[in-house]
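Working notes, structure below.
Convention: sequence-line order gives letters A, B, ...; per-chain numbering from 1.
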Amino acid sequence: MAVQEYDFKAIEAKWQQHWEDNDTFVAPDDSALPKFYCLTMYPYPSGVLHAGHLLAYTISDVIVRQKRMQGFNVMCPMGWDSFGLPAENAAIKEGVPPKENVAANIEVMRGQMRRAGWAFDWSREIATSHPGYYKWTQWLFLKFYENGLAFKKRAPVNWCPSCQTVVANEQVVAGRCERCGTDIEQSDLEQWFFKMSAYAQRLLDGHEQLTGWPDRVISMQKEWIGRSEGARVEFKVAETGDPLPVFTTRPDTLWGVTFMSLAPEHPLIEKLVRGTEREDEVMSTVRDMRKLGTSEREMADLEKRGVWTGCHVINPVNGEKVPLWVANFALMTYGTGAVMAVPAHDQRDFEFARKYELPIRVVIQPEDLALDPDQMTEAYVDAGVMVNSGPFDGRNNFEAIPDICQYLDEHEMGEATVNYRLRDWLISRQRYWGCPIPIVYCDECGEVPVPEDDLPVRLPDRLDDYAPQGKSPLAACDEFVRTNCPRCGGPSRRETDTIDTFVDSSWYFLRYLSARNDEAPFDPKKVGMWMPVDQYTGGIEHATMHLIYFRFFTMVLHDLGLVNFTEPAPNLFCQGMLCKTAYYCPRHKWLHEDDVDRDGPTCCKCGSEVSSEMTKVSKTKLNTIDPDVVLNEHGADAIRLMILSDTPPDRDQPWSEEGLEGAGRFLRRLWYAVHENLDAIKKVAPFEGDPSALEGDDRELCRAVHEAIRSATEDYDQTRHFNTAIARVFELTNAVKSAKEAGPEILRLAYETIVKILAPISPHVCAELWSALEGEGVVVDAPWPECDERALEREEVEVAVQVSGKLRGRVRVPVDAAEDEVKEAALSDDNVSRHLEGKEVVKTIVVPGRLVNIVVR
RNA sequence: GCCGAGGUGGCGGAACAGGCAGACGCGCUAGGUUCAGGACCUAGUGGCCAUUAUGGCUGUGCGGGUUCGAAUCCCGCCCUCGGCACCA
């Protein structure tokens with residue numbers, strides 16, 4: 001009889017249609033089943049899916065489908081992070097309004113996602129650039145504003161001359177714009193901020209609840225928040241009496257202060273030098289220093305520079321008058337922008353002091369050597385005994401710190417304090433394609449928030465010119481800017497800055513719950529039902545930005561009484577990066593794989609030998625993957641299987657064409673194996689009796705089934721190492737092949753089990769095989785198989801026999817054999833007894849069911 | 001410099017809790033099948049030495065240690081990757 005051919009294209013199309021027609025993945029809000037909210041980071045609609053999406057969404061999809069089979073009401077929504085630079089850049093370049101561009105891209109990408117077989121609940125689809133979404137982003141901004149958490153201040157900012165906009169510190173990498181690579185400049189602008197610094201400690205404390213997060217993400221966030229304990233000490237400018245507090249983590253070195261350093265941005269500088277003979281020199285040096293952007297100056301290898309202001313400060317602990325300098329390594333954005341300098345015990349101060357011949361005073365003496373300031377080649381930063389330190393002489397420096405803080409407090413010189421590196425979140429962007437800030441400026445009333453009823457403040461659909469000219473392109477759009485004051489009705493102007501897109505993505509997980517709600521950003525009942533997110537998946541690149549912002553947002557929403565939890569997602573899974581071989585020709589640089597003769601490998605253009613490396617897919621290295629091409633050639637099931645089959649998903653994934661073919665071959669073999677047995681097994685029920693009553697191949701295959709179930713379930717539920725789960729499926733497939741004498745019921749059990757365990761990974765072919773087997777219902781709703789412990793029991797086990805730790809044989813013994821019996825069996829092995837000849841047995845170790853080790857002399 | 005993760009065949013990777021290293025897959029080799037290619041089937045596949053066999057030696061980055069027994073635990077190095085980096 002002719003067997004049904006394996007036609008993956010037809011099968012995949014059929015089931016995708018089936019799922020869509022039946023709203024299979026639309027999650028009801030009123031199910032009796034336990035809920036499982038599976039959130040996966042939504043994409044920017046750039047035009048086409050890229051390889052990274054293939055990996056990321058396959059991982060979340062496998063979780064979705066397996067949880068569903070385990071009896072959960074699973075919700076996995078999808079949406080679009082559709083505001084932001086790429087669409088706007090395309091608009092500047094090609095003149096297409098971002099709104100149209102985004103809509104077209106979404107259409108294309110939604111189709112690709114469908115063809116990949118991902119089980120998203122499209123009824124909850126959102127796009128952050130849709131007025132129905134950004135209305136509520138604005139509403140939330142106003143809540144922040146009303147509570148003093150959104151505010152404007154003049155601040156030195158990172159200015160990208162190419163993007164013509166301000167970028168956040170996090171978006172500056174090595175002094176360059178993260179998006180376009182241009183050198184960042186420094187500039188002073190009125191900007192909107194969110195008061196994130198106020199939440200620094202809570203963001204740290206919250207980590208305790210994030211038990212399902214990778215450690216590396218937690219530690220990156222801890223570093224980013226940068227908590228340090230120390231003291232605030234009240235210095236004063238000697239000449240003017242201006243207070244000049246400093247933050248220090250080393251109050252034990254206070255008596256060793258020999259000068260002070262100010263950040264070049266420090267506002268006091270102008271005041272102190274104005275009209276003095278040092279004004280010109282100081283201000284020109286300061287201006288020079290300020291030219292280098294904030295973040296560029298933070299690069300460690302910059303040479304230390306400074307200039308004396310002509311003024312002095314008074315050290316409160318000893319009344320000493322020490323010179324006040326401006327130093328390029330002092331940062332206005334950390335602490336108070338002023339640093340007490342202790343060259344003997346701080347490396348930076350030491351280098352500065354040596355360069356400008358400033359005095360060095362030792363106040364911590366180590367036990368084993370006597371420090372001499374003239375002989376020192378580096379600062380001494382370790383423990384020692386305090387000297388020249390007034391009331392604290394003779395104390396161990398680190399132990400004395402709490403007492404020193406108390407002393408400062410009692411004498412009103414300062415106090416113990418905690419400082420954080422985390423700064424307020426700068427959310428203003430001078431761009432068109434973002435959420436407008438709902439604020440109006442009125443000559444009479446000043447800054448006025450737009451009333452809730454007037455939301456959303458709509459972006460104009462198109463502009464004459466999208467290019468920013470140092471301010472938002474919206475500023476040139478009269479129809480947008482001109483408005484009436486909501487308070488007095490008089491003529492007024494709208495804020496033209498738009499909101500950082502990281503704000504959009506800080507609450508999208510809540511909007512999915514009420515995607516079409518016109519009355520509120522989210523319905524508290526649905527929040528109560530679905531939140532928190534049970535599993536969040538996404539890339540590690542968001543560790544310190546998005547993943548801090550969305551936690552901060554959630555804490556604020558909690559404090560405003562809008563949600564009843566503080567951590568949005570206690571479980572986070574970060575996938576690795578997708579890598580593929582890239583080829584490099586000495587003459588033609590990076591080569592596309594089609595231009596490489598892989599036998600050499602040599603360059604097809606010039607015949608030169610090419611080097612190759614397995615590296616992150618990127619356009620520059622020409623090793624990208626086009627999802628359309630691979631979906632068409634291999635099908636979604638094979639791609640999904642290949643992606644997950646070799647490497648644990650939290651590691652970098654090597655993409656391999658051979659692996660892809662191998663995955664396809666396995667699926668085809670499975671297809672034919674099931675179909676060839678179909679006549680025999682279709683009409684029988686899978687074996688459900690007592691496995692211990694089985695014999696021979698039936699017994700062996702039944703054991704293989706339950707071993708696969710036990711082991712694969714653990715892989716799915718605990719480690720998410722789908723590669724080992726897939727290995728169990730392969731093993732079970734091999735076991736079926738070996739069990740030639742197995743009866744139809746056991747055979748059916750084995751094939752059903754294979755199909756079920758594989759169903760989350762390669763869902764289309766498994767759906768079709770399930771229906772060929774005439775299984776109950778559809779495989780997406782088949783119950784996840786359970787392990788029957790009885791099937792795992794054995795009468796006999798094979799035990800390894802070692803002589804002095806070296807493997808010399810194996811013997812079969814009854815599983816419940818006594819130690820003596822096992823020993824006896826071990827000694828009866830020919831090869832073992834040969835190694836015992838002429839030796840004295842010192843002792844014998846028996847590990848039941850595993851091995852015997854006979855130690856000889 | 002600081003913090004973290006890791007180093008196992010030609011490759012991706014297994015190894016529960018200190019107990020048979022290399023599961024599973026890819027690749028490769030030989031044979032079968034096929035007009036041919038592909039697919040499929042069978043056997044083999046860490047290295048070295050033997051092949052009288054159910055054999056021996058060696059082997060998880062390097063050097064020590066603990067133990068009857070170490071990829072796994074301890075000490076000291078080396079290397080790779082990731083994060084942070086003038087944060088007072």
(request) Have a look at A:T248 and say if it touches a base, only the backbone sugar-phosphate, or nothing, with a 4.0 Å heavy-atom cut-off. (result) sugar-phosphate
(request) Pick the P atom in B:rA36 and in B:rG25, then give their distance to the nearest Å. (result) 28 Å
(message) Looking at B:rA5, which nucleotide sits across from it as a Watson-Crick or G-U wobble partner, both distances under 3.5 angstrom, or is there none?
(response) B:rU80
(request) Check the pair A:R728, A:E731 against salt bridge (Lys or Arg N to Asp or Glu O under 4.0 Å), reporting the backbone distance first and the verdict last. (result) CA-CA 5 Å; A:R728 300 294 90 82; A:E731 276 169 351; 2.8 Å; yes
(request) Determine which nucleotide pairs with B:rU72, using a 3.5 Å limit on both distances of a Watson-Crick or G-U wobble pair. (result) none
(request) Indicate, with a heavy-atom threshold strictly under 4.0 Å, whether A:R227 touches base, sugar-phosphate, or nothing. (result) nothing
(message) Categorize A:N734 for me: base, sugar-phosphate, or nothing, with a 4.0 angstrom heavy-atom threshold over every strand shown.
(response) sugar-phosphate
(message) Give me the distance, rounded to whole Å, that separates B:rG59 from B:rG64 when you measure between the P atoms they each carry.
(response) 12 Å
(request) Would you classify A:F730 as touching base, sugar-phosphate or nothing, given that sugar-phosphate means primed atoms plus P, OP1 and OP2, and contacts are heavy atoms under 4.0 Å? (result) sugar-phosphate
(request) Indicate yes or no for a side-chain donor-acceptor contact from A:D652 to the backbone of A:G576 under 3.5 Å, with no hydrogens or angles considered. (result) no
(message) Below the 4.0 Å mark, does B:rG56 have OP1 or OP2 next to a side-chain nitrogen or oxygen of A:H835?
(response) yes
(message) Using atom C1' in both nucleotides, what's the gap between B:rG83 and B:rG47 to the nearest angstrom?
(response) 38 Å
(message) Between B:rC74 and B:rG18, how many Å separate the two C1' atoms, rounded to a whole number?
(response) 13 Å
(message) Would you say the ring centers of A:F573 and A:W213 fall short of 6.0 Å from each other?
(response) no
(request) Select base, sugar-phosphate, or nothing to describe what A:N853 touches, counting heavy atoms under 4.0 Å on all strands. (result) base
(request) Tell me what A:S219 touches on the nucleic acid: a base, only sugar-phosphate, or nothing, going by heavy atoms under 4.0 Å. (result) nothing
(request) Could you state the atom-to-atom distance from CG of A:N831 to C1' of B:rA53 in whole Å? (result) 9 Å
(message) For A:A338 and A:S656, find the nucleotide of RNA chain B closest to each by heavy atoms; which residue's nucleotide sits nearer the 5' end?
(response) A:S656
(request) Send over the distance from A:F8 CZ to B:rA39 C1', rounded to a whole Å. (result) 15 Å
(request) Determine: side-chain N/O of A:R665 to OP1/OP2 of B:rA39, distance under 4.0 Å, yes or no. (result) yes
(message) Closer than 3.5 angstrom, by distance alone: can the side chain of A:Y716 be matched with the main-chain N or O of A:H721 as a donor-acceptor pair?
(response) no
(request) Could you tell me if the ring centre of A:F259 sits under 6.0 Å from that of A:F352? (result) yes
(message) Quick check: on RNA chain B, is the nucleotide nearest A:E351 upstream (toward 5') of the one nearest A:I726, or the reverse? Name the residue that is more 5'.
(response) A:I726
(request) Nearest whole angstrom, please: distance from the P of B:rC11 to the CD of A:E657. (result) 21 Å
(request) Determine, using ring centers only, whether A:W671 and A:F8 are less than 6.0 Å apart. (result) no
(request) Report the base-pairing partner of B:rC35 (Watson-Crick or G-U wobble, both distances below 3.5 angstrom), or none. (result) none
(request) Could you tell me which nucleotide pairs with B:rU67 by Watson-Crick or G-U wobble geometry, both distances under 3.5 Å, or answer none if nothing does? (result) none
(request) Mind checking A:K222 for me? I need base, sugar-phosphate or nothing, with any heavy atom below 4.0 Å counting as a touch. (result) nothing
(request) Scan every strand shown for a Watson-Crick or G-U wobble partner of B:rA50, both distances under 3.5 Å, and answer none if you come up empty. (result) none
(request) Could you tell me whether B:rG9 is syn or anti, where syn means a glycosidic angle within 90 degrees of zero? (result) syn
(request) Could you tell me which nucleotide pairs with B:rG22 by Watson-Crick or G-U wobble geometry, both distances under 3.5 Å, or answer none if nothing does? (result) none
(message) Need the pair for B:rA43. Rule: Watson-Crick or G-U wobble, both distances under 3.5 Å, any strand; none if unpaired.
(response) B:rU29
(request) In whole angstrom, give me the gap between the P atoms of B:rU67 and B:rC62. (result) 23 Å
(request) For A:L807 and B:rA70, give me the distance from atom CG to atom C1', rounded to whole Å. (result) 16 Å
(request) Name the nucleic acid region contacted by A:R669, choosing base, sugar-phosphate or nothing; use a 4.0 angstrom heavy-atom cut-off, strictly under. (result) sugar-phosphate
(message) The test is side chain to side chain contact (heavy atoms under 4.5 Å, CB included); show your working for A:V363 and A:H345 and say whether it passes.
(response) CA-CA 8 Å; A:V363 290; A:H345 306 293; 3.6 Å; yes
(message) Looking at A:R216, I'd like to know whether one of its side-chain N or O atoms comes within less than 4.0 Å of OP1 or OP2 on B:rG6.
(response) no
(message) At 4.0 Å (heavy atoms only), tell me whether A:S228 reaches a base, stays on the sugar-phosphate, or touches nothing.
(response) sugar-phosphate
(message) Can a side-chain donor-acceptor contact be found between A:R808 and A:Q802 if the only test is distance below 3.5 angstrom?
(response) no
(request) Using Watson-Crick or G-U wobble geometry with both distances below 3.5 Å, tell me the partner of B:rA17, or none. (result) none
(message) Would you say A:K806 places a side-chain N or O within less than 4.0 Å of OP1 or OP2 belonging to B:rC68?
(response) no
(request) Using the P atom as the reference point in each nucleotide, state the distance between B:rC49 and B:rU33 in Å, no decimals. (result) 34 Å
(request) Name the nucleic acid region contacted by A:E731, choosing base, sugar-phosphate or nothing; use a 4.0 angstrom heavy-atom cut-off, strictly under. (result) sugar-phosphate
(message) Need one value for A:R421: base, sugar-phosphate or nothing, where a base atom within 4.0 Å counts as base even if backbone is also close, heavy atoms only.
(response) base
(message) Between B:rU54 and B:rG65, how far apart are the two C1' atoms, rounded to whole Å?
(response) 36 Å
(message) Mind checking if A:V855 touches a base, just sugar-phosphate, or nothing, with heavy atoms under 4.0 Å?
(response) sugar-phosphate
(message) Using OP1 and OP2 only, check whether a side-chain N or O of A:R651 sits under 4.0 Å from B:rG12.
(response) no
(request) Using the C1' atom as the reference point in each nucleotide, state the distance between B:rA85 and B:rA17 in Å, no decimals. (result) 39 Å
